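In what follows, a structure is listed as structure tokens, so that the remarks can point back to it.
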Protein chains: 2
Amino acid sequence: MTAETRPVDHVIAALREFMGDRVTTNASIRDQHARGEDTTTPVQPDAVAFAETTEEVSKTLALCNRHGVPVVPFGAGTSLEGHVTPVRGGISLDLSRMNAILDVSQEDMDCLIEPGVTRHQLNDHLRDQGLFFPVDPGSHCTIGGMCATRASGTNAVRYGTIRENVMGLEVVMADGRVINTGSRTRKASNGYDLTRLIIGSEGTLGVVTKIRLRLHGIPEATSAAVVQFPDMKGCVESVIQVMQLGIPVARIELLDEVQVAACISYSKLDNLQILPTLFLEFHGTEAGVKEQAEAVEGIVTDMGGLGFAWAADQETRNKLWTARHNAYYAAIASQPNSRGVTTDVCVPISRLAEAILGAKQDIVSSGLSAPMVGHVGDGNFHTVILVDQDDPTALERAWALDRQIVARGLSLGGTCSGEHGVGMGKAEFLEQEHGMEALAVMRSVKIALDPKGILNPGKIFRN
Amino acid sequence: MTAETRPVDHVIAALREFMGDRVTTNASIRDQHARGEDTTTPVQPDAVAFAETTEEVSKTLALCNRHGVPVVPFGAGTSLEGHVTPVRGGISLDLSRMNAILDVSQEDMDCLIEPGVTRHQLNDHLRDQGLFFPVDPGSHCTIGGMCATRASGTNAVRYGTIRENVMGLEVVMADGRVINTGSRTRKASNGYDLTRLIIGSEGTLGVVTKIRLRLHGIPEATSAAVVQFPDMKGCVESVIQVMQLGIPVARIELLDEVQVAACISYSKLDNLQILPTLFLEFHGTEAGVKEQAEAVEGIVTDMGGLGFAWAADQETRNKLWTARHNAYYAAIASQPNSRGVTTDVCVPISRLAEAILGAKQDIVSSGLSAPMVGHVGDGNFHTVILVDQDDPTALERAWALDRQIVARGLSLGGTCSGEHGVGMGKAEFLEQEHGMEALAVMRSVKIALDPKGILNPGKIFRN
């Protein structure tokens with residue numbers, strides 16, 4: 001077959017008929033769509049299409065389905081597991097220009113947005129209305145991407161993940177059909193839960209083109225605190241106690257001493273020592289926040305915490321959480337010329353100390369540098385294993401360490417991914433985690449909804 | 001075909017080989033499995049099988065699948081929408097004997113149970129451990145049935161529905177394969193959300209044989225209150241304000257004056273007047289409960305509430321909530337010889353007053369009696385339309401009223417079912433609610449997972 005007769009070339013020509021120069025084969029744009037922030041081998045798509053409407057997405061999918069051409073949805077490109085790498089070529093469908101906030105209801109505390117809206121954009125828009133969208137993975141991701149990967153982040157311990165905060169979706173199916181899922185009501189028992197089926201399906205079952213989100217009232221009072229510990233054990237055990245007592249903390253984030261060192265350098269947190277640290281936030285009424293903070297202070301003091309530094313004013317809080325959000329970039333910056341292999345193990349809270357202390361030992365044994373952060377109230381922690389891009393053995397050693405940390409997580413009743421998703425990076429663990437039969441059921445659903453396998457092929461399933 | 005050669009007879013004979021006399025064709029037992037608490041026409045199954053293990057469920061499904069014989073899972077028989085009516089005969093698979101509580105983890109605040117466990121049984125078991133399972137539909141249903149119908153009830157406004165409180169399931173698929181879904185972790189992004197796909201699928205995609213539930217700590221303090229209103233408008237608008245202010249009430253239940261009259265008579269609530277009424281409950285710390293209750297008291301007073309009667313002691317609270325739980329039976333008892341057609345409309349909270357006041361007008365116009373209760377914090381309310389079983393026109397008139405109330409709910413952006421499920425009773429509304437294409441996607445999933453259509457046929461989909 002010559003290059004001119006490839007199905008993808010037919011598709012590109014047909015896409016140009018209605019999207020014009022928003023369909024491009026420009027090398028540098030294809031390069032920007034060749035992978036996310038991960039360590040997968042970059043693969044250029046045959047073309048990048050910047051969709052602006054649901055109709056364009058629908059026509060694109062119908063065309064690609066007819067010709068058997070892969071489609072890989074693309075948002076902000078912040079994926080950590082190879083989700084946006086077009087491993088089989090085809091069209092990278094960039095949705096970042098579909099970024100309208102279509103409707104906000106103060107009365108019903110919900111909103112309707114397009115998938116390219118980022119959480120920063122949404123929260124800036126909502127601020128004057130006393131509302132906020134709590135799900136906060138830290139990065140500048142799009143909310144469409146958050147739906148695709150079932151994202152969560154620092155606030156999930158209190159407000160739930162994206163799964164609990166999406167009420168309904170508009171989704172374009174593989175053949176171009178447009179469906180609406182869910183309901184504007186707080187609950188419903190009205191047929192199969194297609195919303196939850198699409199959330200976390202990583203672009204393999206359909207492309208999200210609108211999202212109805214649940215919003216929350218900005219709390220009357222917010223305060224934050226930092227507490228450092230002489231060792232990791234007291235730090236983790238404090239978290240376990242806070243959770244077991246049901247104290248409704250809004251955020252409870254762990255940074256190990258390696259990560260704290262990186263943050264001190266990257267984010268100028270000069271008042272911190274290089275020790276395991278918790279960042280905390282409390283939301284509620286004035287009295288409620290005080291009560292929660294006092295309860296937590298009692299626990300961390302008992303566990304050997306070195307003081308409880310309040311950050312009640314907005315500026316100190318912002319500095320703290322900006323540093324936390326930049327933790328990944330601080331980690332990457334702590335070793336020149338590196339990229340990160342990220343683990344995302346999540347375990348039942350009772351096994352958190354074992355999982356974290358074990359991972360710390362594995363890191364030491366590996367000889368690699370791997371700062372650790374964690375949404376520890378949910379039992380979820382990340383190690384960013386730093387890979388020197390000039391060291392040809394580093395990537396393989398990083399994956400070996402990743403496998404070790406995941407294996408321990410699974411043996412403790414945990415999951416290989418708390419929030420980043422499967423993509424390519426975690427696909428090898430799914431059979432062990434779910435069993436062959438459950439994975440076969442997932443495949444049946446995939447085949448039923450995308451019989452030609454055009455939607456983000458090579459992700460979640462290994463083949 | 002003679003009776004002896006029917007496929008179902010082969011299945012019954014084969015089932016007896018491993019279940020013995022737990023497979024029965026006894027007429028009175030078949031009659032008990034001919035419908036739930038609804039008004040569907042009773043249909044006897046060909047046999048009832050009382051399963052005791054996952055393996056038996058698996059073998060039963062494999063057999064029925066091979067012979068194309070319908071299987072209808074049965075729990076406590078409290079369904080209100082015809083879910084357990086074996087409209088195409090076959091095997092009623094009774095899971096009520098699978099009622100072991102297999103494991104409770106205080107540390108992780110979760111438990112593993114069999115599907116026949118009722119919420120009463122579970123909460124009795126948990127009480128000494130300081131834990132409770134909050135989802136409370138009122139009836140003596142099984143938790144397996146609650147998973148099947150995506151149930152919720154009085155506490156959902158604070159603790160979520162069953163959907164948010166199930167961490168994972170063991171499910172037997174149509175062909176007998178046993179899968180495990182979900183994870184023991186608080187969150188996971190590890191492939192398709194099969195747990196949420198099964199929850200609310202009403203026995204049409206698989207049979208649940210084990211359930212891992214999230215539990216909650218019994219709150220430090222609980223208090224309850226009753227407030228009556230001279231009219232429905234002030235009552236509903238109080239609810240809307242409480243929700244919009246984000247006050248974390250644990251329960252906020254509405255009873256209209258017709259239902260209050262029924263409860264006064266059935267549950268001896270002699271201190272109440274025959275007026276629209278809210279039952280409230282607050283959970284939290286001592287200070288938190290006080291703060292919430294004072295905030296609500298301020299709102300209801302502004303809205304014309306006639307006092308705020310505290311029920312701080314356990315005995316008064318129990319009497320109140322027992323009366324609320326028996327509201328359905330009180331409604332049925334208020335008119336001799338009647339059964340109920342139940343509406344289950346749920347709307348966005350901003351449309352609740354319109355939905356309820358409109359429904360009240362429809363009831364008056366219909367000339368039927370239909371007490372109303374509601375989990376109004378979620379925008380969900382029920383009318384129990386009373387059908388005199390000796391009046392041959394009553395059922396048709398009740399359905400006409402049901403259709404009117406649902407139609408208004410849908411026009412207000414609501415759903416035909418907040419928590420009872422679709423079954424047969426609400427199937428006619430699904431196409432309007434979801435659109436033809438979304439319904440077609442649901443059907444594709446059904447066909448993929450149950451290609452022979454043996455699992456609870458005739459439910460959710462009209463065909």
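If you're wondering where the values come from, they're calculated on a predicted model, not measured in any experiment. Every heavy atom of this structure was used, including side-chain atoms; hydrogens, water molecules and symmetry mates were not. Numbered from 1 within each chain, the chains take letters A, B, ... in sequence-line order.
A side-chain donor-acceptor contact under 3.5 Å links S152(B) and K187(A).
For R158(B) (side chain) and V249(B) (main-chain N/O), no donor-acceptor pair under 3.5 Å exists by modelled atom type.
Note on T285(B), V171(B), I179(B), T185(B): by heavy-atom pairs under 4.5 Å with chain A, the leading option is T185(B). Taking L205(B), D344(B), T195(B) one by one and counting their heavy-atom pairs under 4.5 Å with chain A, the maximum is reached by L205(B). Of all the listed residues (G200(B), C346(B), S183(B)), the one sharing the greatest number of non-hydrogen pairs under 4.5 Å with chain A is C346(B). Counting heavy-atom pairs closer than 4.5 Å to chain A, the top-ranked of the candidates V178(B), L439(B), V441(B) is V441(B).
Relative ring orientation between H382(A) and H420(A) is described as parallel, the plane-to-plane angle staying below 30° on a 0-90° scale split at 30° and 60°.
For the atom pair D108(B) CG and R214(B) CZ, the distance stands at 11.0 Å (nearest 0.5 Å).
Contact annotation for T161(B): only side-chain heavy atoms (C-beta onward) come within less than 4.5 Å of a heavy atom of chain A. Residue contact with chain A, scored on non-hydrogen atoms closer than 4.5 Å, involves the backbone and the side chain of K446(B) alike. If you measure heavy-atom distances from E433(B) to chain A, the contacts under 4.5 Å come from the side chain alone. If you measure heavy-atom distances from S105(B) to chain A, you find no contacts under 4.5 Å at all.
Residues passing the ring pair (Phe, Tyr, Trp, His ring centres under 6.0 Å) test with H434(B): none are found, sequence neighbours excluded.
Every pair passing salt bridge (charged side-chain N to carboxylate O under 4.0 Å, His left out) that includes a residue from residues 161-181 of chain B is listed here, sequence neighbours excluded: D193(A)-R163(B), E437(A)-R177(B), E170(B)-K210(B), D175(B)-R177(B).
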